Student: 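Dropping a structure here in structure tokens format, bear with me for questions.
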Amino acid sequence: MDIANSTDDNIPYDNILRSLLSYHWKFCFIDLYRCQERLLKLAWVEEFKQSMNSSLALSELHGKMSERYMQPRERDNMQYLYGLLPQHILAILTKSDTSSSKADYVYDLRNKIVHFQKTEVEVDSISESDWNMIIRFVLETIPFLYGNFSHHIIELPDL
């Protein structure tokens with residue numbers, strides 16, 4: 001309901017609507033994951049900016065980082081994003097203990113689905129109650145993370 005009533009123009013509502021129309025939990029999850037995926041490069045720039053205590057504008061910093069460094073590791077950026085989540089959101093996902101391990105769990109689940117690994121049986125054996133928990137967790141992260149990164153999205157809209 002929070003997302004449906006949100007006025008945040010940056011949230012990719014088309015992905016959320018597609019997730020509602022999915023015929024299988026894993027496809028619902030993937031469409032919602034894609035909402036988080038958009039924030040991964042922004043997390044890379046933000047974490048670097050904070051760690052270097054940089055006063056450069058995000059767009060300038062991103063340009064310099066892109067010229068000099070390899071593309072960011074998605075897993076590390078998911079861990080950074082989930083490290084920003086408040087405890088009441090983290091508590092929804094009971095599959096792991098820390099924000100870092102929750103990020104690993106969600107990222108690994110995404111990889112199992114997207115890359116059609118032999119572990120597909122693991123994905124298909126996830127119970128409906130677990131899928132419900134996973135989907136609720138990802139849904140709760142979306143407005144929170146987009147709220148935190150709204151100024152980044154305005155400055156770096158093409159990421």
Side-chain angles (χ1 to χ4, degrees), residues 1-48 50 62 70-159:
M1 290 303 293
D2 290 341
I3 292 175
N5 293 314
S6 173
T7 58
D8 188 342
D9 293 336
N10 295 314
I11 293 175
Y13 293 103
D14 55 329
N15 289 92
I16 294 169
L17 288 172
R18 266 196 308 272
S19 76
L20 291 172
L21 299 173
S22 297
Y23 67 92
H24 195 285
W25 287 105
K26 64 184 174 185
F27 300 123
C28 176
F29 167 79
I30 289 299
D31 279 321
L32 293 175
Y33 178 89
R34 291 184 66 211
C35 295
Q36 291 181 340
E37 199 168 39
R38 177 180 184 201
L39 302 175
L40 293 178
K41 280 192 178 180
L42 295 174
W44 178 55
V45 177
E46 173 67 20
E47 183 178 29
F48 191 83
Q50 286 186 9
H62 176 259
M70 294 183 345
Q71 287 299 313
R73 290 193 54 214
E74 289 183 349
R75 180 180 303 275
D76 295 340
N77 295 328
M78 283 294 290
Q79 290 174 354
Y80 179 78
L81 287 176
Y82 282 21
L84 300 173
L85 296 173
Q87 188 56 40
H88 74 277
I89 293 177
L90 289 170
I92 295 169
L93 186 62
T94 60
K95 288 299 195 182
S96 47
D97 298 331
T98 65
S99 63
S100 179
S101 61
K102 291 175 192 296
D104 286 343
Y105 178 81
V106 169
Y107 186 71
D108 290 342
L109 179 57
R110 174 252 184 218
N111 286 342
K112 288 173 186 174
I113 296 168
V114 170
H115 298 298
F116 197 69
Q117 298 171 348
K118 291 183 180 182
T119 54
E120 187 74 15
V121 173
E122 291 177 37
V123 172
D124 290 337
S125 67
I126 296 174
S127 70
E128 288 194 17
S129 62
D130 282 349
W131 274 121
N132 191 33
M133 172 189 52
I134 295 163
I135 298 299
R136 181 168 173 244
F137 171 74
V138 176
L139 277 170
E140 291 280 344
T141 68
I142 293 168
F144 179 84
L145 292 173
Y146 273 83
N148 274 4
F149 283 88
S150 61
H151 62 284
H152 291 55
I153 294 169
I154 291 167
E155 191 168 345
L156 298 168
D158 295 331
L159 289 187

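Model, not experiment: these values are computed from the prediction.
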Student: State which residues pass side chain to side chain contact (heavy atoms under 4.5 Å, CB included) with S129; sequence neighbours excluded, sorted by chain then number.
Tutor: S127
Student: Measure across I11 and P143 and return the closest heavy-atom pair with its distance rounded to 0.1 Å.
Tutor: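 Looking at all heavy atoms of both residues, the closest pair is CD1-CA, 4.1 Å.
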Student: With sequence neighbours excluded, tell me which residues meet side-chain hydrogen bond (donor to acceptor under 3.5 Å, both in side chains) with D31.
Tutor: none
Student: Applying salt bridge (Lys or Arg N to Asp or Glu O under 4.0 Å), which residue pairs with at least one partner in residues 128-151 are found, sequence neighbours left out?
Tutor: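 Non-adjacent pairs meeting salt bridge (Lys or Arg N to Asp or Glu O under 4.0 Å): K95-D130.
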Student: Nearest heavy-atom pair of D108 and R75: which atoms, and what distance?
Tutor: OD1-NH2, 2.6 Å
Student: Do you know which two heavy atoms are closest between P12 and C35, and how far apart they sit?
Tutor: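 Result for this residue pair: CG-SG, 3.6 Å.
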Student: Taking all atoms of both residues into account, what is the closest heavy-atom pair of Y105 and L93, and its distance?
Tutor: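 Smallest interatomic distance, heavy atoms only, reads CD2-CD2, 4.2 Å.
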Student: For residues K112 and V123, report the shortest heavy-atom separation together with the two atoms involved.
Tutor: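 Residues K112 and V123, closest heavy atoms: CB-CG2, 3.7 Å.
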Student: Do K102 and M78 come close enough that some side-chain heavy atom pair is under 4.5 Å?
Tutor: no
Student: Can you name the salt bridge (charged side-chain N to carboxylate O under 4.0 Å, His left out) partners of R34, sequence neighbours left out?
Tutor: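 With sequence neighbours excluded, R34 shows a salt bridge (charged side-chain N to carboxylate O under 4.0 Å, His left out) to no residue whatsoever.
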Student: Within the structure provided, determine whether L39 and N148 are in side-chain contact (heavy-atom separation under 4.5 Å).
Tutor: no
Student: Please give me the minimum heavy-atom distance between G83 and S99, naming the atom from each residue.
Tutor: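 For G83 versus S99, the nearest heavy atoms are CA-OG, 3.7 Å.
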Student: Give me each pair satisfying salt bridge (Lys or Arg N to Asp or Glu O under 4.0 Å) with a member in residues 79-89, each pair once, sequence neighbours excluded.
Tutor: none
Student: Test of understanding: with ring pair (Phe, Tyr, Trp, His ring centres under 6.0 Å), list the residues that count as partners of F137, not counting sequence neighbours.
Tutor: Y82
Student: Just to verify, what does F149 make a ring pair (Phe, Tyr, Trp, His ring centres under 6.0 Å) with, not counting sequence neighbours?
Tutor: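 Ring pair (Phe, Tyr, Trp, His ring centres under 6.0 Å) list for F149, sorted by chain: H152.
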Student: Listed by chain and number, what are the salt bridge (charged side-chain N to carboxylate O under 4.0 Å, His left out) partners of E46, not counting sequence neighbours?
Tutor: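 Here no residue qualifies.
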Student: Kindly write out the residues that satisfy side-chain hydrogen bond (donor to acceptor under 3.5 Å, both in side chains) with S101, not counting sequence neighbours, or none if the list is empty.
Tutor: T98
Student: The criterion is side-chain hydrogen bond (donor to acceptor under 3.5 Å, both in side chains); which residues satisfy it with E47, sequence neighbours excluded?
Tutor: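 With neighbours one apart ignored, the set is empty.
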Student: Does any N or O in the side chain of R38 come within less than 3.5 Å of the main-chain N or O of N10, such that one atom is a donor and the other an acceptor?
Tutor: yes
Student: Just so I know, are the side chains of D104 and Q79 near enough to count as touching, which here means a heavy-atom distance under 4.5 Å?
Tutor: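 They are in contact (side-chain heavy atoms under 4.5 Å apart), so the answer is yes.
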Student: So, does K26 use its side chain to make a donor-acceptor pair with the main chain of I113 at under 3.5 Å?
Tutor: no
Student: Quick one: list whatever passes side-chain hydrogen bond (donor to acceptor under 3.5 Å, both in side chains) with Y146, sequence neighbours left out.
Tutor: none
